[in-house]
Structure formats: structure tokens, C-alpha cells
Student: 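Provided herewith is a single structure, encoded as C-alpha cells, for subsequent inquiry.
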Amino acid sequence: RDDADVAPAYVHHHLRQGFDGFAIVEHRSDPAVLRDALAHTGADAVIVREHGPEFPQGRWTTRLADIARTELHADWVFPLDADEFLVPVRLTDVRTAMEQLPSSVEALSLRRYNMVPPWRTKRFPAGFRTRLRSEVNFNGNPLPPKVAARAVAGLALSDGNHAASGVEPPSGVSEHLEILHAPFRSWRQYEAKVASGAQSIRLTAGLGPSVASHWKRLDQQRSDPRGFRAALPKLPSGVLGHARSRLAGELVRDDRLLAS
């Protein structure tokens, strides 16, 4: 939802990384976006359409994991958002890294790093060659890792996709794979993302108060543009903002999105 601009890059990137197929929830978005992104790729895909305003993420991704296992014959499932791109740390691609995993490993914990948009707006992913050095959101709070797991019967994923049950938990954070996260591509896009995300969270029954709390806080600040931008101190703005962040050692060059 609200990620039409990244869908083609998402599909292309993960096919280049060795993915075999996709099980996708299309949540109140234009069906032509995914249809066009998947056209002529030859990828196996199952699309589940959800039209309600709520966002029971754990329930949806658990269902997708089961679809991946039973219909796409997946060995592993990676519950990624459309703006999350799985990348290898050192090896050539994700498939090569996965082939080297011991058979005893049933789940992975994957670090996430927020990509910083170029100071001049470009069509994604052009210009996205910089990320934050630390695993933090643009508001400075920790960006928790996500889980990946073997596609086994009974696998269940949590809201936020940070944990899984039905498999042996990860022994630590993976040193072979991580996620590049591109939630911000423009102020207009990000404000729309915050608004729709916060609305869905409020309308979803059974979520704990800590689930997506950052969306709720940001949504409360949208009415004040200066306050909204001030709530994202780790997001450099303009040439001077990028320069200051580089001098402070907060940014790292990372070309892995463009390399795919």
C-alpha cells in the first residue's frame, strides 16, 4: 500500500537476488501496479487482495507464509514490506548466502538500515546510494531487526514480523544478510504513508499499544509541517543537511540497491 513507486524495483531486485516467487498482500492499492511489476518476469506469484482499512500484519503474513509453502513450494519465507530490500553482506547474492546456511538453522534475524534519499528528488532507486550508519529510524529510535524462517507447517509471524513461532529462534543477528529499508522517497509520499499507516493501526483490533507507536506519534505531528520535519532528526535535508550528517559520521555509502 502506498508503495507503487518502489514495486517494480522490489520485484526486479529480489529476482536478481535469487528469489523464486512472491506471495503478496495487495492492500487497498491499484492492482495494475503489481500486474505491471510482475509482467514478463516469469516469476511465480500469488496475490491476496485486502480491501478493509485495518492492518492485522501478523495474521496476513502468516497466511502468506503458508501460501508460499503450499502453493509456491518455498524453502524459506522473508516477510518483507515493499520498501525493504534483502541484500547480502559479502557474497554475490541472497541465494548464494542461503545455500551456505547449515540445515540446522531454522530462522534468521536480519538487521535493517534506513536508506537516505538523495538531496534532489529522483525516481527510485536512482540516487539511493547512502544509508544511516546505525540501525535507527529517522526519529532516532532503534530500528528492530526482522525475522526470516524456513517455510514449515505451523509457522506463525508476529505483528511487525520481528519474531516467528513454530521454528527454532535465531541464535543471533545474521552476519550474512541484512535489509536496506527505503521508507522515505519524498515528503509528500512519506506524509501519505504515515497518514494511511496510522489510520490502519488505529482501526486494527487486538494490537498492543507499542505496535507501530512511531506511526501514531508522527501522525499526530502532521498538522504542523515544522514539527513533522523536526520529528525526523536523522533524516538529512538538502545539500547542507547531507554534508552535516556526513561530517558527523552518521551516513555510510551503500550502492547495493543500485547494483541490482
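Atoms considered below: every heavy atom in the structure, side chains included; atoms not considered: hydrogens, waters and symmetry mates.
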Student: When Ile, Leu, Val, Met, Phe, Trp and Tyr are grouped by side-chain heavy atoms lying under 4.5 Å apart, directly or through other members, which residues fall in the same group as Val167?
Tutor: Val77, Val152, Leu155
Student: Stepwise, does the side chain to side chain contact (heavy atoms under 4.5 Å, CB included) test hold for His14 with Phe22?
Tutor: CA-CA 9 Å; His14 288 101; Phe22 304 91; 3.9 Å; yes
Student: In this structure, would Leu108 and Val147 fall into the same cluster of hydrophobic residues linked by side-chain contacts under 4.5 Å?
Tutor: no
Student: Examine Phe78 together with Phe19 and report whether their ring centres are nearer than 6.0 Å.
Tutor: yes
Student: Provide the closest heavy-atom pair for Asn114 versus His181 in the form atom of the first, atom of the second, distance.
Tutor: OD1-ND1, 2.8 Å
Student: Salt bridge (Lys or Arg N to Asp or Glu O under 4.0 Å), that's the test. Do Asp5 and Arg123 meet it? Break it down for me.
Tutor: CA-CA 8 Å; Asp5 59 318; Arg123 184 176 180 179; over 6 Å; no
Student: Over 60° means perpendicular and under 30° means parallel, so classify the ring planes of Phe55 and Trp60, tilted if in between.
Tutor: perpendicular
Student: Indicate, with yes or no, if Leu257 and Leu15 share a hydrophobic cluster defined by side-chain heavy-atom contacts under 4.5 Å among Ile, Leu, Val, Met, Phe, Trp and Tyr.
Tutor: yes
Student: Grab the two heavy atoms, one from Arg256 and one from Val89, that are nearest each other, plus how far apart they are.
Tutor: NH1-CA, 3.9 Å
Student: Quick one: do Arg59 and Glu50 make a salt bridge, cutoff under 4.0 Å?
Tutor: no
Student: Tell me, do Leu232 and Leu218 make a side-chain contact under 4.5 Å, heavy atoms counted?
Tutor: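 Side-chain contact under 4.5 Å: yes.
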Student: Check for me whether the distance between the ring centres of Phe138 and Phe228 falls short of 6.0 Å.
Tutor: no
Student: Identify the heavy atoms of Ile67 and Ala23 that sit nearest to each other, and give their distance.
Tutor: CG2-CB, 4.3 Å
Student: Are any of the side-chain heavy atoms of Trp76 and Leu101 separated by less than 4.5 Å?
Tutor: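 Yes, at least one pair of side-chain atoms sits under 4.5 Å.
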Student: For a quick test of reading the model, state the closest non-hydrogen atom pair linking Arg49 to His51 and the distance between them.
Tutor: CB-NE2, 4.0 Å
Student: Please list all pairs passing the salt bridge (Lys or Arg N to Asp or Glu O under 4.0 Å) test where one or both residues lie in residues 130-157, with sequence neighbours left out.
Tutor: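 Residue pairs with at least one partner in residues 130-157: Asp81-Lys146, Glu84-Lys146, Arg111-Glu135, Arg131-Asp254.
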Student: Taking all non-hydrogen atoms of both residues into account, name the closest pair between Phe184 and Pro117 and its distance.
Tutor: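 Answer, listing the atom of Phe184 first, then Pro117: CD2-CG, 3.5 Å.
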Student: Taking side chain to side chain donor-acceptor pair (under 3.5 Å) as the definition, give me every residue that meets it alongside Glu250, ordered by chain and number, with sequence neighbours left out.
Tutor: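 If we apply the side chain to side chain donor-acceptor pair (under 3.5 Å) test to Glu250, skipping adjacent residues, the hits are Lys234.
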Student: Check for a donor-acceptor pair, side chain of Ser158 on one end and backbone N or O of His162 on the other, with a separation under 3.5 Å.
Tutor: yes
Student: Which atoms form the tightest heavy-atom contact between Leu157 and Ala65, and what is the distance?
Tutor: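 It is CD1-CB, 4.2 Å.
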